[in-house]
Amino acid sequence: MALDGLVIHSIVDELHSKLLGGKIDKVYQPENDEVVLHIRNNKQNFKLVLSASASNPRVYIANDYKKENPINAPMFCMLFRKHIQGGNIVNISQVGFERIIKISVESFDELKEKTTKDIIVEIMGRHSNIILTHSLDNKIIDSAKRIPPSISRVRQLLPGLTYNLPPEQNKLNPLNDISLQDFTNTLKDFQGNIFKSIYSKFLGISPIIAKEICFRAKVDEKTDTIDCSEEIFNLIYIEFLNLFKNIKSNNYTPCMFIDETIDRVIDFSCVNINLFNTLSSVKDDSMSKILEDYYKTKDIKDRIHQRSSDLRKSISIKLDRLYNKLKKQNEELLESENADSYKVYGELITSYIYMIEKGMESVEVDNFYDPEYKSVKIKLNKNLTPSENAQKYFKKYTKMKTAKVEINNQIKISEEEIHYLENILLSIENCENLAELLDIREELGKVGYLKSQNKSKKETKLTTKPHEFLSSDGFKILVGKNNKQNDHLTLKVADNNDIWLHTKNIPGSHVIIKCEGKEVSDETLFEGAMLAAYFSKSKISSQVPVDYTKKKNIKKPNGAKPGMVIYETNNTIYVTPTEELVAKLKVKIN
């Protein structure tokens, strides 16, 4: 999925019709690479989002934008306020058929003279940027991402430099008049599949649009250009012209295509994609609305991933150390299993002391503790007397015997800590908003893994909601997203006779089936187990063991970490989780 030249063209048309002549009342910068302009036009208020995110660059008019702004405005935001706040939008255009949008703003400068500034938004993946320039001489005022010579020798973006467009791609603009002969020659010049030749030779065309043109022309998209006849080129040319005739006329069909079996958006476009006629679609008059619906969840997920990278790295380092520590503890435990042999060596040295002299490095004696009375070779310290060698083995026996108990305790502590941190990593993956990530940071601060400003160890109020599902039989099923929610569900929400589920010895979420005095069917129990397996570390595994029991059998030991509970009376069910079932049971919560 990409914002190709066609989508940019439709966005520019929408912005032109709604925002041209509007006044920029306010400017905010909620993210380092994202600027929001509050615009008043024709007695209506608009929020224009300009994002240069490396993974989700976009420009659209937002209807439901809820990101919080920083307390202190960033310097780039202050610069925007100085130069364009209070100004009027005098033009909005697409540069060529590239993924570049130019918004011209007329405002008064410090000398009360009317000047025009250009906001240039380059939507180019990780090279995306927001640049503010003087219209008169194209001098850069500043950019969201400064590009010095150390980053790019070809094109720098720094205050005071002249703004130059990105290097040309040597592609034809599909909005220009193109003859059949030129069209055919251009495609023939490419060696490979016909659909690849279309998006490789023409500006602003994505692979999906190229495939769509072939589909409409009833031509196999994988046909090699060498094997294409004049008739095939003619069919493709006709559909190419028809498609761009609508684009030139600003006749769009903003739409989004969804695979309902997995509840996932497959693609979006400003034209109808007949390739996806087997999928369900959502259509709207506004391209902005389509983009907002698609990017709303995706952008939050990506932001969470970015902001949690340091947290995940810190936890991963701690886990690696714990894995090594546990490995050494198990090796020590294995060694301690041989403690009795040291006692035997001490006894044998004492019994055969008459055969041993100081200076000997070993002695071989008959082992009368062995049922078969086999001989054994015992190592000796030549600097010790026979008696001292015996005492050395007795001391080692005593030490190893005592250590065995302590090592077992330490192994248990290490395993619990590993389980807890693996749960934390899983909780981070399950985060759906930044508030849930803050819950996890707060929890780690309270248990001592992170520095916390909040020293209170009291449980804070739940600020985020768990997953909510409805079983086939109408039972409510709740799934915790993090340890804070897990504890809340298990210890406060669940009644004694509700069903509690969790993957067996596998990090995962607490799952509660609300019984409300009714008998839970096998189907509901199976669905609850599927959800427990899906929201666990074994999400992509098969035959995942899930323990289930009544909530009254669940206990939380004093001093246990968040999300940690114990139980004894339980049954186990084996399930293979599927994304389709999760989508089917999910309750849409507004």
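Computed from a predicted model, the values in this text were never measured in an experiment.
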Legend entry - Polar side-chain atom of Glu292 near backbone of Ile61 as donor-acceptor pair, under 3.5 Å: no
Inset, instruction - Please round to the nearest 0.5 Å and tell me the distance separating atom CD of Gln94 and atom CZ of Phe97. - result: 5.5 Å
Inset, instruction - Taking atom types as modelled, find out whether Ser104 and Asp118 have a side-chain donor-acceptor pair closer than 3.5 angstrom. - result: yes
Legend entry - cation_pi(Lys171, Phe202) dist<6.0 Å, angle<=45: no
Legend entry - Check against side-chain contact (heavy atoms from CB on, under 4.5 Å), Val271 and Ile247: CA-CA 9 Å; Val271 297; Ile247 298 298; 3.9 Å; yes
Legend entry - Atom pair CD1 (Ile440) and CD (Gln485), whose distance is rounded to the nearest 0.5 Å: 9.0 Å
Inset, instruction - Taking the side chain as every heavy atom from C-beta outward, state whether Gln29 and Val36 have any atom pair closer than 4.5 Å. - result: no
Inset, instruction - For residues Asn272 and Asn274, determine if any side-chain heavy atom of one lies less than 4.5 Å from a side-chain heavy atom of the other. - result: yes
Inset, instruction - Work out which heavy atom in Asn176 is nearest to a heavy atom in Lys248; give both atom names and the distance. - result: O-NZ, 4.1 Å
Legend entry - Pair His38-Leu48, side-chain contact (heavy atoms from CB on, under 4.5 Å): steps then yes or no: CA-CA 7 Å; His38 287 225; Leu48 179 62; over 6 Å; no
Legend entry - Any donor-acceptor N/O pair, Arg312 side chain to Leu425 backbone, under 3.5 Å: no
Inset, instruction - Would you mind checking if Glu34 and Arg58 are paired as a salt bridge, meaning a charged N to carboxylate O distance below 4.0 Å? - result: yes
Legend entry - Rounded distance (nearest 0.5 Å) linking atom CG of Leu175 with atom CG of Asn173: 4.5 Å
Inset, instruction - Inspect the contact between Asp285 and Lys289 and indicate whether a charged nitrogen and a carboxylate oxygen are less than 4.0 angstrom apart. - result: no
Inset, instruction - Output, in order, the C-alpha distance, side-chain angles, deciding distance and verdict of salt bridge (charged side-chain N to carboxylate O under 4.0 Å, His left out) for Lys188 and Glu230. - result: CA-CA 11 Å; Lys188 282 182 177 179; Glu230 294 299 322; 2.9 Å; yes
Inset, instruction - Answer yes or no: does atom CG of Asn234 have more than 12 heavy-atom neighbours from other residues, nucleotides or ligands under 6.0 Å? - result: yes
Inset, instruction - Report, as yes or no, whether the 6.0 Å neighbourhood of atom CG on Asn32 holds more than 12 heavy atoms from other residues, nucleotides or ligands. - result: no
Legend entry - Student check: side-chain heavy atoms of Ser288 and Glu14 closer than 4.5 Å: yes
Legend entry - Shortest non-hydrogen separation from Pro207 to Tyr199 and the atoms involved: CA-CD2, 3.6 Å
Inset, instruction - Start with the C-alpha distance between Lys318 and Ser314, add both sets of side-chain angles, then the distance that settles side chain to side chain donor-acceptor pair (under 3.5 Å), and finish with yes or no. - result: CA-CA 6 Å; Lys318 287 183 174 68; Ser314 175; 3.1 Å; yes
Inset, instruction - Evaluate side chain to side chain donor-acceptor pair (under 3.5 Å) for Thr162 paired with Lys139, printing each intermediate quantity in order. - result: CA-CA 4 Å; Thr162 300; Lys139 292 292 183 182; 3.2 Å; yes
Legend entry - Other residues, nucleotides, ligands: >12 heavy atoms within 6.0 Å of Asn72 CG: no
Inset, instruction - Verify the neighbour count for atom CG of Leu136: are there more than 12 heavy atoms of other residues, nucleotides or ligands below 6.0 Å? - result: no
Legend entry - CD1-CZ distance between Ile147 and Arg153, expressed to the nearest 0.5 angstrom: 15.0 Å
Name each donor-acceptor pair under 3.5 Å that joins a side chain in residues 123-132 to protein atoms two or more places apart or in another chain, with its distance.
{"unit_1": "Ser128", "atom_1": "OG", "unit_2": "Met124", "atom_2": "N", "d": "2.8"}
{"unit_1": "Ser128", "atom_1": "OG", "unit_2": "Gly125", "atom_2": "N", "d": "3.2"}
{"unit_1": "Ser128", "atom_1": "OG", "unit_2": "Gly125", "atom_2": "O", "d": "2.6"}
{"unit_1": "Asn129", "atom_1": "OD1", "unit_2": "Ala144", "atom_2": "N", "d": "3.4"}
{"unit_1": "Asn129", "atom_1": "OD1", "unit_2": "Lys145", "atom_2": "N", "d": "3.0"}
{"unit_1": "Asn129", "atom_1": "ND2", "unit_2": "Lys145", "atom_2": "O", "d": "2.7"}

Inset, instruction - State the OG-CG distance between Ser286 and Leu291, to the nearest 0.5 angstrom. - result: 8.0 Å
Legend entry - The single option from Phe268, Tyr294, Phe276 passing ring-ring contact (aromatic ring centres under 6.0 Å, His included) against Phe257: Phe276
Inset, instruction - Show the numbers, then the answer: is there a side chain to side chain donor-acceptor pair (under 3.5 Å) between Asp182 and Ser179? - result: CA-CA 5 Å; Asp182 289 341; Ser179 67; 3.2 Å; yes
Inset, instruction - Enter the distance from Lys82:NZ to Asp109:CG here, rounded to the nearest 0.5 Å. - result: 9.5 Å
Inset, instruction - Could you give me the CA-CA distance, side-chain angles and deciding distance for Asn482 and Glu436, then say whether side chain to side chain donor-acceptor pair (under 3.5 Å) is met? - result: CA-CA 8 Å; Asn482 53 49; Glu436 290 170 3; 5.5 Å; no
Inset, instruction - Would you mind reporting whether Ile273 and Ile208 have side-chain heavy atoms less than 4.5 Å apart? - result: yes
Inset, instruction - Decide yes or no on side-chain contact (heavy atoms from CB on, under 4.5 Å) for His9 and Tyr252, but give the supporting numbers first. - result: CA-CA 10 Å; His9 200 273; Tyr252 310 105; 2.7 Å; yes
Legend entry - Nearest atoms (heavy-atom pairs only) where Val35 meets Leu37: CG1-CD2, 3.9 Å
Inset, instruction - Please name all residues satisfying salt bridge (Lys or Arg N to Asp or Glu O under 4.0 Å) with Lys222, sequence neighbours left out, ordered by chain then number. - result: none
Legend entry - Candidate pair Leu203 and Leu172, rule side-chain contact (heavy atoms from CB on, under 4.5 Å), full reasoning: CA-CA 6 Å; Leu203 275 175; Leu172 297 179; over 6 Å; no
Inset, instruction - Could you tell me whether Arg99 and Glu122 make a salt bridge, using a distance below 4.0 angstrom between a side-chain N and a carboxylate O? - result: no
Inset, instruction - Could you check if a side-chain atom of Leu158 sits within less than 4.5 angstrom of a side-chain atom of Arg146, using non-hydrogen atoms only? - result: yes
Legend entry - Closest approach of Leu3 to Pro57 (non-hydrogen atoms, all atoms of both residues): CD1-O, 3.0 Å
Inset, instruction - Return the orientation label for the Phe535 and Phe469 ring planes: parallel under 30°, perpendicular over 60°, tilted otherwise. - result: tilted
Inset, instruction - In plain terms, say whether Lys211 and Glu239 are close enough for a salt bridge, that is, a side-chain N and a carboxylate O under 4.0 Å apart. - result: no
Legend entry - Pairwise side-chain contact, Ser509 with Lys481, heavy-atom cut-off 4.5 Å (strictly under): no
Legend entry - Heavy-atom check, side chain of Val219 versus side chain of Ile213, under 4.5 Å: no
Legend entry - Side-chain (Gln85) to main-chain (Val27) donor-acceptor, under 3.5 angstrom: yes
Inset, instruction - Measure across Pro30 and Tyr65 and return the closest heavy-atom pair with its distance rounded to 0.1 Å. - result: CG-OH, 3.1 Å
Inset, instruction - Would you indicate whether Lys117, at its atom NZ, is surrounded by more than 12 heavy atoms from other residues, nucleotides or ligands within a distance under 6.0 Å? - result: yes
Inset, instruction - For Thr133 and Asn138, indicate whether the former's side chain and the latter's backbone hold a donor-acceptor pair under 3.5 Å. - result: no
Legend entry - Asn185 side chain vs Gln181 backbone, donor-acceptor pair below 3.5 Å: yes
Legend entry - Cationic N near anionic O, under 4.0 Å, Lys484 to Glu443: no
Inset, instruction - Taking all heavy atoms of Leu279 and all of Ile258, pick out the closest pair and write down the distance. - result: CB-O, 3.6 Å
Inset, instruction - Look at the rings of Tyr237 and Phe183 and say which category their plane angle falls in: under 30° parallel, 30 to 60° tilted, over 60° perpendicular. - result: tilted
Legend entry - 4.5 Å side-chain heavy-atom contact, Val105 and Asn91: no
